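One structure is given below, encoded as structure tokens.
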Number of protein chains: 2
Amino acid sequence: MKPAALDALDRRLLDLLQQDAGRSLESLAGEVALSAPAVQRRIRRLREGGVITGEVVLVEPAAVGLPMTFVVIVELERERADQIDGFRRKAAAEPLVQQCYYVTGEGDFVLIAQARDMDDFEALTRRLLFDDPNVRRFRTSVVMGKPLRGTAVPAGHAG
Amino acid sequence: MKPAALDALDRRLLDLLQQDAGRSLESLAGEVALSAPAVQRRIRRLREGGVITGEVVLVEPAAVGLPMTFVVIVELERERADQIDGFRRKAAAEPLVQQCYYVTGEGDFVLIAQARDMDDFEALTRRLLFDDPNVRRFRTSVVMGKPLRGTAVPAGHAG
DNA sequence: CGACCGGACGCAGGATTTTTGCGCGTATTG
DNA sequence: CAATACGCGCAAAAATCCTGCGTCCGGTCG
């Protein structure tokens, strides 16, 4: 978990792996002009250094019966550290909540959530928001169309 | 790209792979009480059916020099379909923009973006927002602390 | 100025994993 | 009740990953 300074090759690898983590070491090696073991060692270092934090499969929400996406802006009654943390924990415990941002300005939290339908979402708001006395108010936006989703950060961008 | 009805095993696999896509087929097979080839065939079907849309590595933004996260709510002047699409395209072309939601209510778009620092973010807002005459106004929220990020959807949740 | 040290590389062999072909059992359909 | 289709497990083949080792480069210290 040390900083470990990334060079241009590391960044290239990060960009490639953020597009497709399934490629073979050989294929990556060819792209960055290195041998397969060298690529593997670099990737391992990036993992151990905490730069790469995981490797996951992307699932189309609609395909598993959760076609609706919501953006919820939540305002809390009091912004005490333990309450902030409490709410964050509760939100994280909800599988339908994909992302949870604690923000300045406009409200206190911004949530991104999935749901099967309106009823499903309403049940979520009840559990997470209505029943929590510390939630002052919240505003829900329904996402239309297929959103641009992603977690990729441009590693080659700067340093 | 057909619906292809998911059974309980498919859903278990999806949940497991959304946590860690790096596991061996053997290990997955043990967990769901199936043989490795059976697991592999299911995963392939899920890919071909469009349920699994990709496999990526997760990168810690701070580690590549992009420690700041922003939530931006954007209002457009006119909500004509081609303008909506135009803005969406412009946003998607910005590597720093991770997510872009077109929503009802509160503004028209919600963006999640990364940046190295305030100047970096300001440059982004200039390119994407100030210079676009179709952007009426926008509100920026800075994300504090480490947000809960993720793209995992609970496959076992419903059907 | 030269020797030492650390770090990263490529190569090659061995271990693991993935992939394919095949035969079997079960469920569905005519 | 027979025929077909689908999915499974097994076992071997193919591909990939992983490790150990020798080498090279760059910085440092005597």
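Residue numbering restarts at 1 for every chain, and letters A, B, ... go by the order of the sequence lines. Predicted, not measured: the structure shown is a model, and the values here were computed from it.
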Residues at least two apart in sequence or cross-chain that pass salt bridge (charged side-chain N to carboxylate O under 4.0 Å, His left out) with A:Asp119, listed by chain then number, are none

B:Asp82 meets the side-chain hydrogen bond (donor to acceptor under 3.5 Å, both in side chains) criterion, sequence neighbours left out, with B:Arg80

First and last nt of DNA chain C near chain A, cut-off under 4.0 Å to heavy atoms, 5' to 3', are C:dA8 to C:dA12

Rounded to 10°, the angle between the first-five-pair and last-five-pair axes of the helix from C:dC1-D:dG30 to C:dG30-D:dC1 is 30°

Taken in chain and number order and not counting sequence neighbours, the residues that satisfy side-chain hydrogen bond (donor to acceptor under 3.5 Å, both in side chains) with A:Glu26 are none

*A:Glu60/A:Lys146 ion pair, N-O < 4.0 Å*: yes

By side-chain hydrogen bond (donor to acceptor under 3.5 Å, both in side chains), A:Arg89 pairs with (sequence neighbours left out) A:Asp85

For residues 12-61 of chain B, the ring-ring contact (aromatic ring centres under 6.0 Å, His included) pairs (sequence neighbours left out) are none

Those residues at least two apart in sequence (or on a different chain) that pass salt bridge (charged side-chain N to carboxylate O under 4.0 Å, His left out) with A:Glu122 are A:Arg126

The contact string for nucleotides 15-28 of chain D, one letter per nucleotide 5' to 3', using protein heavy atoms under 4.0 Å with B, S and - for base, sugar-phosphate only and none, comes out as --SBBB--------

Applying side-chain hydrogen bond (donor to acceptor under 3.5 Å, both in side chains) to B:Glu31 and not counting sequence neighbours gives B:Arg23

Those residues at least two apart in sequence (or on a different chain) that pass side chain to side chain contact (heavy atoms under 4.5 Å, CB included) with B:Gln40 are B:Leu25

Contacts satisfying ring-ring contact (aromatic ring centres under 6.0 Å, His included) that involve residues 48-91 of chain B (not counting sequence neighbours) are B:Phe70-B:Phe121, B:Phe87-B:Phe109

